[in-house]
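To start, the structure under review is shown below, and the notes come after it.
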Number of protein chains: 2
Amino acid sequence: MKAQKMAGHLIRRLNQVSTHTFAKQLQEAGFDLTPVQFAAMDAIASNPGIDQAGVAAKIAYDRATIGGVIDRLEHKAYVARSISKRDRRAREVRLTPKGQAVFDAVLPHVTALQDDILQALDDSERASFLALARKALGEGAFE
Amino acid sequence: MKAQKMAGHLIRRLNQVSTHTFAKQLQEAGFDLTPVQFAAMDAIASNPGIDQAGVAAKIAYDRATIGGVIDRLEHKAYVARSISKRDRRAREVRLTPKGQAVFDAVLPHVTALQDDILQALDDSERASFLALARKALGEGAFE
DNA sequence: ACAATTTAGTATCTACACATACCATATGCG
DNA sequence: CGCATATGGTATGTGTAGATACTAAATTGT
């Protein structure tokens with residue numbers, strides 16, 4: 001049995017390729033954002049004032065991980081945290097104007113690079129792959 | 001644009017599911033092995049005496065990462081390192097008898113769990129997905 | 001033979017990823 | 001009201017994951 005043929009291994013390698021493509025393209029475009037940081041900014045951009053647990057739920061992160069991700073975004077001054085008035089435990093997160101500008105500038109690059117990840121597939125294969133991936137994850141589970 | 005619909009994000013979540021399935025199943029079966037550690041052992045089992053760079057190449061790891069992985073396997077006494085006689089820089093890696101026994105015992109579990117990762121897909125969908133994944137990675141690139 | 005280059009491995013640094021434990025605050029319920 | 005329980009966030013520890021830099025050893029070119 002070759003581990004290299006197994007589903008888990010193929011998925012891990014796809015993730016490597018995906019991460020690498022993302023890092024390379026964004027770096028060439030002059031940005032300093034990881035895939036995870038981008039996903040967090042996307043969730044925050046769509047839900048201003050969301051709390052950290054909300055961000056974690058949206059993009060299926062561990063809540064312990066999200067703290068560090070948001071720390072780094074805050075350090076770059078892309079997001080701001082404030083204590084919620086409803087619940088003093090919760091930290092509401094918003095993009096700063098700078099963060100919003102970066103997000104707007106980055107978005108087209110990120111959108112464009114998605115096809116590069118599956119560059120070896122043609123359009124119909126890519127569509128099939130993505131449809132199967134969504135189904136495997138339980139369509140709409142994290143809509 | 002929702003990051004949650006993008007290829008990169010779907011792949012990241014598949015990898016989460018995959019890793020989680022692996023960890024859960026092996027833990028329930030009483031083993032202490034990560035997906036990466038298993039893949040390394042698989043490569044070593046198939047190529048006794050392979051050096052670390054060889055393992056890294058087989059399973060597409062960074063050579064900086066493999067050192068730590070093999071450290072942990074060595075610490076569990078699953079593998080043994082020895083300095084190559086051909087090349088004194090190289091460390092030849094082999095499974096210990098204990099490592100071989102663990103590998104043999106784990107292999108059927110790992111094989112069985114592969115389908116659980118894509119449990120939401122039926123057999124033909126799963127086959128399509130895996131074929132597309134292989135093609136996306138460049139079929140045979142790491143055979 | 002020997003300098004220039006390449007390669008194997010390690011060390012360091014940043015960034016996930018998740019388990020567990022802990023603190024503070026909310027909330028449910030008797 | 002008062003307590004048990006649940007939840008938001010942080011802290012800690014282990015394990016990838018890859019960039020960069022460094023040492024030692026092998027290889028290449030002349």
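Because the structure is a prediction, the values reported are computed rather than measured. We name chains A, B, ... by the order of the sequence lines, and we start the count at 1 in each one.
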Checklist entry - Among residues 14-34 of chain A, which residues get a heavy atom nearer than 4.0 Å to DNA chain C? => result A:T34

Next on the checklist: Expressed as a whole number of angstroms, how long is the span from B:R13:CZ to C:dC16:P?
Outcome noted: 18 Å

Next on the checklist: I'd like to know if the side chain of B:R91 reaches the main chain of B:D51, judged simply by a donor and an acceptor atom lying under 3.5 Å from each other, with no hydrogens or angles considered.
Outcome noted: no

Checklist outcome for this item: Axis-to-axis angle for the helix from C:dA1-D:dT30 to C:dG30-D:dC1, ends of five pairs each, to 10°, equals 20°

Next on the checklist: If I take atom CD1 in residue A:I59 and atom P in nucleotide C:dC16, what distance separates them, rounded to the nearest angstrom?
Outcome noted: 10 Å

Checklist entry - Short question: side chain of B:S128, backbone of B:S124 - any donor-acceptor pair under 3.5 Å? => result yes

Checklist outcome for this item: When A:D71 and B:R88 are each assigned the nearest nucleotide of DNA chain D, the 5'-most assignment goes to A:D71

Next on the checklist: Assess the residue pair A:R81 and A:Q52 against the criterion (side chain to side chain contact (heavy atoms under 4.5 Å, CB included)); give the C-alpha distance rounded to whole Å, side-chain angles, the decisive distance to 0.1 Å, and a yes or no.
Outcome noted: CA-CA 9 Å; A:R81 266 192 272 225; A:Q52 296 186 188; 2.6 Å; yes

Checklist entry - B:V55 and B:I44: which non-hydrogen atoms are nearest, and at how many Å? => result CG2-CG1, 3.9 Å

Checklist entry - Do any N or O atoms from the side chain of B:T21 and from the backbone of B:V17 form a donor-acceptor pair under 3.5 angstrom? => result yes

Checklist entry - Which word best sums up how the rings of B:F38 and B:F103 line up, parallel for under 30°, tilted for 30 to 60°, or perpendicular for over 60°? => result parallel

Next on the checklist: Please check this pair: side chain of A:T96 against backbone of A:Y78, looking for a donor-acceptor N/O pair closer than 3.5 Å.
Outcome noted: yes

Item to check | Partners passing ring-ring contact (aromatic ring centres under 6.0 Å, His included) against A:F129 (at least two apart in sequence or in another chain) | outcome: B:F129

Checklist outcome for this item: So, with a heavy-atom separation below 4.0 Å from DNA chain C, the residues of residues 72-82 of chain B are B:R81

Checklist entry - Is it true that a side-chain atom of A:Q100 and a backbone atom of A:A45 form a donor plus acceptor pair closer than 3.5 Å? => result no

Checklist entry - Which part of the nucleic acid, if any, lies within reach of B:A64 when heavy atoms closer than 4.0 Å are counted: base, sugar-phosphate only, or nothing? => result base

Item to check | Heavy-atom donor-acceptor pair, B:T111 side chain to B:L107 backbone, under 3.5 Å | outcome: yes

Checklist entry - Taking for each residue the nucleotide of DNA chain C bearing the nearest heavy atom, is the 5' side occupied by A:V36 or by A:R63? => result A:V36

Checklist entry - In terms of the nearest nucleotide of DNA chain C, which residue is placed more toward the 5' end: B:D62 or B:A90? => result B:A90

Checklist outcome for this item: When every non-hydrogen atom of B:L14 is compared with those of A:A133, the smallest separation belongs to CD1-CB, 3.9 Å

Next on the checklist: With nearest nucleotide decided by heavy atoms, which residue, B:K85 or A:Q52, maps closer to the 5′ end of DNA chain D?
Outcome noted: A:Q52

Checklist entry - What about B:R91: does its side chain form a donor-acceptor pair under 3.5 Å with the base of C:dG9? => result no

Checklist entry - Is there a donor-acceptor contact under 3.5 Å from the side chain of A:R126 to the main chain of A:L118? => result yes

Checklist entry - Going 5' to 3' on DNA chain D, which nucleotide is the first and which the last to come under 4.0 Å of a heavy atom in chain B? => result D:dG15 to D:dA26

Item to check | For A:Q37, all residues meeting side chain to side chain contact (heavy atoms under 4.5 Å, CB included), sequence neighbours excluded | outcome: A:L33, A:T34, A:V69, A:R72, A:L73, A:K76

